[in-house]
Number of protein chains: 2
Amino acid sequence: MPARRKSATEPDGDTERRILQAARNVFVRRGTAGARMHEIAEEAGVNQALLHYYFRSKDGLSAAVFREVAGRLIPAVLNLLDSDEPLERKIEAFVHLYIDTVRQTPFLPGYILAELHHHPERLPAMVTEVAGALPAPPAAALTRRLDAQLRERAAAGVIRPISPVHFLATVLGLCVFPFVARPMLIVAFGMDDAAFERFLDERRAELPGFILRGLQP
Amino acid sequence: MPARRKSATEPDGDTERRILQAARNVFVRRGTAGARMHEIAEEAGVNQALLHYYFRSKDGLSAAVFREVAGRLIPAVLNLLDSDEPLERKIEAFVHLYIDTVRQTPFLPGYILAELHHHPERLPAMVTEVAGALPAPPAAALTRRLDAQLRERAAAGVIRPISPVHFLATVLGLCVFPFVARPMLIVAFGMDDAAFERFLDERRAELPGFILRGLQP
DNA sequence: GTCTATATTGTGATAGAC
DNA sequence: GTCTATCACAATATAGAC
């Protein structure tokens, strides 16, 4: 067996990973500015100094968390949207996968959007990580296949002409809104967690058809 | 003429209002947790102590800003959605008014949604301010007319049956997304401000038709 | 690598002169 | 009402023992 150091409190734990995970939880629920290093250390079960040992500063930790979180979600979204799947099935697959994935961590989209508001410079690094180095407007290359697909379907008269940006704003907007507006919906419509889950199920079932009808000529 | 005190730097200014406005700007762009009392005072052209004189604490100021900001937008949204306007015109009017209003302060929706995430308890006060005291789930009363309208149109076979919550999530989601995702869209698609404005114009023109088609049976 | 202790700065808030 | 000066403490960050 390999000689491996063991933590006092957690025998086998990969400390760096535990810190990163705790940081993700705290950053996502408190927001980057509202998060406290103290709370992260506590949740990770380590001392606060260790956070600096591994990540140097709060800003470094925050960047690492954003990389980890956005590095999962953004590529998944882009790859699915730009796949070769036929448009109709692609829309349904996207809605289902997005809602099913995000409902497990419902505050993630809000965190990512807020983070991009305060640190827009962190996005390019994310996107190039998906597709390697790219010319200036990265999304043009990232939605190449989607673009061709939309043109083809429009030429065939099955849908109205629509650009990838608008398509993305429509599909993503419809999927994302329930999550970013979750507190509002819960309070305003008196939902509990179960009611919100049912609401998500209904959206999941209705959205693909709604989108397809909306795209019709 | 009434005897009125004058500030040293700004002859006629209503100080409290200047502070509130500066606070709104700073809170909206930095987020509540990231905002600094120092920066607000500077932007208002007054001393930091004055903020406490008028609003007691950062939390008090933050609550006042949220009341002021959400107190404009939320009632406008709800009243328009629940008006007696025929459904088709209502949808178009809503999309146009929402985009035209919010484009002047594009970060407002993000601020409101983030604020509701961290202080959901502040919403009920907002809603009751619109419609007076209400029984437990406020939105039920606030969308009474919309509800009736959707049922009537569904019974007539013009649209599919849809609940007010889903209707709101659809319409509002489509309108709101360009604003909350603005940084992402700008960076990912290499837009400048003018391109984003054109994008909004296109959305404004396309969304009403898209929604109506999507609602069809 | 992990801890305790401490330095250093940031930040909300108050006291008191004018 | 508005300012200057200052307090008190919270929060990030570092030093150094183990």
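Numbered from 1 within each chain, the chains take letters A, B, ... in sequence-line order.
B:Arg30 has its CZ atom 11 Å from the P atom of C:dT11, to the nearest Å. One atom, OH of B:Tyr53, and another, C1' of C:dG16, lie 15 Å apart when rounded to the nearest Å. When the C1' atom of C:dA13 is taken as reference, atom CG of B:Asn47 falls 12 Å away, rounded to whole Å. To the nearest angstrom, C1' of D:dA11 lies 13 Å from CZ of A:Phe27. Per the geometry, CG belonging to A:Leu61 stands 16 Å off P belonging to D:dA11, to the nearest Å. For the pair A:Glu42 CD and D:dT12 P, the interatomic distance rounds to 13 Å; values are reported in whole Å. Atom P of nucleotide C:dG1 and atom CG of A:Asp14 are separated by 9 Å, given to the nearest angstrom. Atom C1' of nucleotide C:dC3 and atom CD of A:Gln48 are separated by 13 Å, given to the nearest angstrom.
Here the side chain of B:Leu50 is nearest to one of D:dT2, C:dA13, C:dG1, namely D:dT2. Comparing D:dG1, D:dA15, D:dT12 by their nearest atom to the side chain of A:Ala49 picks out D:dA15. Between C:dC3, D:dT12, C:dA13, one nucleotide has an atom nearer to the side chain of B:Met37 than all others, and that is C:dA13.
At least one side-chain nitrogen or oxygen of B:Tyr54 sits closer than 4.0 Å to the OP1 or OP2 atom of D:dT2. Contact check, B:His52 against C:dA13: a side-chain N or O comes under 4.0 Å of OP1 or OP2. Look at B:Thr15 and you'll find a side-chain N or O under 4.0 angstrom from OP1 or OP2 of D:dT2. Close to C:dG12, at under 4.0 Å from its OP1 or OP2, lies a side-chain N or O of B:Arg36.
In this pair, A:Phe94 and A:Tyr98 present their aromatic rings parallel. The plane angle is below 30°, not in the 30 to 60° band. In this pair, A:His166 and B:Phe199 present their aromatic rings tilted. The plane angle is within the 30 to 60° band.
Residues A:Phe177 and B:Leu174 fail the side-chain proximity criterion, which asks for heavy atoms closer than 4.5 Å. The side-chain heavy atoms of A:Arg36 and A:Val26, taken from C-beta on, include no pair separated by under 4.5 Å. Side-chain atoms of B:Phe27 and B:Ile40, non-hydrogen and from C-beta on, do get closer than 4.5 Å to each other.
Residue A:Ala35 is classed as a sugar-phosphate contact, given heavy-atom separations below 4.0 Å to backbone atoms only.
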